[in-house]
Each structure stands twice: as C-alpha cells, then as structure tokens.
Amino acid sequence: MQVGRYHRQEIFYAIGKEGQQKLQQSRVCVIGIGALGASVANMLAQAGVGYLRLIDRDIVELTNLQRQALFTEADVEQQLPKAEAARMHISQMNSEIEIEAKIVDVNPYNIEKLITDVDVVVDGLDNLETRYLLNEACDKHKIRYVYGGVVGSGGMCMNVLPGEGPCLECLLGPLPEEGSYDTCDTVGVISPITNIVASYEAAETMKLLLDSESVCRQAISLDAWDSYTEFFDVDKDPECPVCGKHQYTRLEHRQKNYTASLCGHDAYQVTPEDDGAFDYDAVVERLRQSGEVKQNKFFTIFKNEEADFKLFPDGRAIINKVADGDTAREIFAKYIDQ
Amino acid sequence: MIKIKILFNGPVRQLNGWKNVANIELPDGATGYDLCDYFNIVPKKTRLYGFLIRDGKKIPEETVLNDGDTIKVNGKTSGG
Ligand SMILES: [Zn+2]
C-alpha cells in the first residue's frame with residue numbers, strides 16, 4: 001500500500017492525522033521572500049499548509065543565490081519577481097496547496113488588506129521599518145506574527161501573540177528616526193544563520209496553527225559563527241505604544257510618494273499614494289514617447305539618458321542609479337506621476 | 001568596583017572593535033546605562049543597539065548590575 005505525502009508528519013506524535021488536516025485547512029502569509037521567507041515558505045508547503053500568500057516587491061538577483069535556496073540562475077536571467085519565482089518553484093514540489101504570489105511593496109495603505117484573512121503572518125522582511133509597521137497591523141487585528149531577523153552570522157526569532165505576550169517593539173525598543181543600522185547589504189549575511197532562523201520560524205508557525213502547548217513563549221537569539229543560542233524572557237511593556245497603548249503611528253502615517261531604499265541596490269523605490277487612480281497601461285503608453293520601454297507580465301523597464309527604472313502595475317517604481325531619495329522622487333514625478 | 005563580562009551578539013560587536021567578548025570594571029551601583037555609556041551606546045538613539053540580556057531575561061537599562069554578571073548585548077536584527 002502506498003502511503004501518502006504527509007505520512008511522516010502524521011505519525012509524528014505532536015501532529016497526527018488530525019493535526020495534518022488542520023495544517024491543510026490553514027492560511028499563512030509570508031511577508032518578504034528573501035533568504036528567510038523563501039525558506040519558511042518552502043517548509044510550510046512541504047508540511048502541507050493549505051494556503052500560502054507570498055509577498056515581495058523585489059526581483060531575483062545574482063547576489064541572492066548565495067543564500068536564497070529556492071532561486072536559480074534562470075530566475076535571475078528572466079528577472080523574475082521573487083514572489084512569483086517562489087510560487088513557481090514551490091508549486092512544482094507541492095501542487096496540492098494554493099499559493100498566491102503578491103508582487104507589491106508592503107506599506108501603510110495595503111498591509112491590513114494583505115494580512116487580515118490569514119491565521120499566522122511570518123516575517124521574512126529585510127528592513128526594520130516594515131517590521132515595525134507589520135507589528136502594529138498585527139496588534140490592531142490580533143493576528144499572530146512570527147518575527148525572524150538575520151544579519152551577519154546572528155539572528156533572532158520571537159512569536160508575537162497579540163493580547164498574550166510582548167510585541168516586537170517590547171523586544172527591540174523604539175526605532176530611532178536618525179542614522180542607519182546594519183543590513184545584509186552593509187555587513188553581509190551567511191546562509192547557515194538564515195536557514196536556522198527560518199527553521200525556527202517554520203516550526204513556530206506550525207505549532208501556532210496547531211494551537212500547540214509547545215508554542216515558544218521566549219525570544220531566541222543565535223549566532224552561527226560564535227556557536228551561540230539563547231532562549232530568553234521578554235516582559236510585555238505596559239508603556240509600549242503598540243501593544244500597551246494600541247497607538248499605531250506607522251499604520252496611520254500615510255504620505256504621498258514616500259521613499260524607501262532597497263536592500264542590496266543603489267536604487268530607491270518610490271511608492272505613490274494608493275488612491276485607486278493609477279492607470280498602468282496609460283502610463284506605459286506615455287513612457288514610450290520618452291525613451292526605451294521593455295515589458296514583461298510583471299513590470300515595465302524604462303530607460304533614457306536621464307532615467308532608468310522599473311514600473312510595477314501597483315504604481316510603484318524602482319528608480320535605478322540614483323544617489324538619494326529626492327532624485328528618485330523627482331524622476332518619479334517627471335515620468336510617472338504627471 | 002564590580003567586574004562584568006560582556007558578550008556581543010552579531011554585528012553589534014563593532015561597538016567593541018568587532019570583538020565579541022569584553023571584560024570591564026564599573027563602579028559599585030552601576031546600571032545598564034553605565035555599561036552602555038562605557039561602549040558609547042546611547043539607548044533609543046544608537047541604531048545598532050537593541051537591548052541587554054542577563055540570566056536568560058531581557059533587562060531594562062536602569063537595572064543595577066552585580067559583581068560577576070555576564071551581560072549580553074543584542075543588536076536590532078534587521079535583515080532577512
Ligand atoms: Zn509591545
């Protein structure tokens with residue numbers, strides 16, 4: 001007799017056939033499909049989680065292949081969006097589950113719509129600003145959120161359980177407005193730590209979906225190079241603006257053409273206000289009169305002597321080869337947001 | 001004076017010349033703030049810095065440190 005795909009999970013004492021069915025009825029959103037997110041998404045698909053929403057704004061690049069196991073050189077050549085490339089590769093491994101790829105920038109306008117119909121949100125993000133935004137959205141809608149982050153050889157992980165325990169801001173404190181912090185782009189990152197943290201995130205997600213008593217109530221700090229792992233307690237801060245006072249300043253901070261730098265590029269992304277007025281086809285037609293336009297089904301590439309950018313159907317653009325956000329904003333205003 | 005051992009987790013070690021261990025002495029009654037000050041860390045301002053851990057628990061900077069403590073300095077882990 002042939003045994004089923006999930007046999008080894010069904011005979012695992014903490015899951016069983018009933019748990020397996022529960023996983024197959026579960027819905028998870030993975031935000032950020034880089035090293036962490038792609039790896040977590042792959043493990044959750046292997047485990048048979050019934051619905052996965054994969055969200056990422058970026059294109060697969062050569063420097064991703066050092067640690068982002070799902071992607072191939074062909075994805076780089078075809079300039080595939082990460083969310084779509086991940087959906088394609090994962091569905092070849094498990095065609096029985098539903099996978100939705102969302103090629104969008106997560107911002108205050110769309111985040112609530114993206115996360116409110118799932119059971120758990122998993123963090124695969126590459127920056128703290130969006131994580132703090134996600135933390136607010138999850139607290140507001142009481143959605144369980146698995147935080148994971150890596151940089152260099154170090155990583156951290158913590159379940160954020162609204163109404164029960166500390167949130168991301170209780171763990172990391174307020175995010176200073178000024179200055180810069182280390183990213184994978186500035187101090188590097190090694191593949192082993194991304195896989196270790198992704199594995200913790202995937203295991204915690206499965207436990208949360210199964211309402212397991214083994215859900216980790218501590219935070220985890222690790223370093224793959226220093227051979228260091230520590231589980232530690234974090235108190236919920238009654239003065240925390242997010243989980244203590246339920247003030248959602250990032251979620252409510254919506255401004256026109258806000259600019260964000262990308263991890264791993266000398267490029268800036270400009271995201272316009274989502275007022276529903278953006279007409280992608282009309283803008284592309286207009287661009288044809290100002291320079292060279294190449295299109296695929298995911299985005300449009302525009303180049304002339306002054307500007308070089310990718311325009312996405314959701315209205316945002318990645319402006320290449322600019323030194324600062326203001327220049328990116330100027331190009332956006334001149335060519336796209338006329 | 002009290003003797004404290006500091007362990008830096010991840011890239012936050014650059015605040016200690018990229019070494020992950022430091023053994024320092026602080027005056028009696030010193031707090032986490034004094035420890036931060038020793039490494040030119042300004043909590044809530046220094047972006048690299050996240051928080052302190054002692055004996056398996058995140059501690060606020062106002063915590064009074066004890067002779068023989070091992071304190072772990074964690075950064076804000078930002079990448080993915
Ligand atoms: Zn909090």
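Quick note on labels: first sequence line is chain A, next is B, and so on, each numbered from 1. This is a predicted model, so every value here is computed, not measured.
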What side-chain donor-acceptor pairs closer than 3.5 Å can you find for residues 1-12 of chain B, not counting sequence neighbours?
from: B:Asn9; atom 1: ND2; to: A:Ser221; atom 2: OG; distance (Å): 2.4
from: B:Asn9; atom 1: ND2; to: B:Asn74; atom 2: OD1; distance (Å): 3.1

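Near-neighbour residues of residues 51-67 of chain B relative to chain A, defined by a heavy atom under 4.5 Å from a heavy atom of that chain, comprise B:Phe51, B:Ile53, B:Gly56, B:Lys57, B:Lys58. Listed in order of number, the residues of residues 29-45 of chain A that approach chain B to under 4.5 Å between heavy atoms are A:Gly34, A:Ala35, A:Leu36. Close approach to chain B, defined as a heavy atom under 4.5 Å from one of its heavy atoms, is seen in A:Glu230, A:Phe231, A:Phe232, A:Asp233, A:Val234, A:Asp235 of residues 230-240 of chain A, taken by number.
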TODO: Let me see the working for B:Thr77 and A:Tyr147 under side chain to side chain contact (heavy atoms under 4.5 Å, CB included), right down to the final yes or no.
DONE: CA-CA 10 Å; B:Thr77 313; A:Tyr147 159 64; 3.6 Å; yes
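Residues B:Lys76 and A:Leu175 have side chains in contact (heavy-atom distance under 4.5 Å, counting atoms from C-beta outward).
A salt bridge between B:Arg13 and A:Asp226 is present, with a side-chain N of the basic residue lying under 4.0 Å from a carboxylate O of the acidic one. Salt-bridge annotation for B:Arg47 and A:Glu129: present, with a side-chain N of the basic residue lying under 4.0 Å from a carboxylate O of the acidic one.
Atom OG of B:Ser78 sits about 11.0 Å away from atom CG of A:Leu125, to the nearest 0.5 Å.
Looking at A:Cys157, there are no atoms closer than 4.5 Å to chain B (heavy atoms on both sides), in backbone or side chain. Proximity to chain B (any heavy atom under 4.5 Å) is shown, for A:Leu171, by both the backbone and the side chain.
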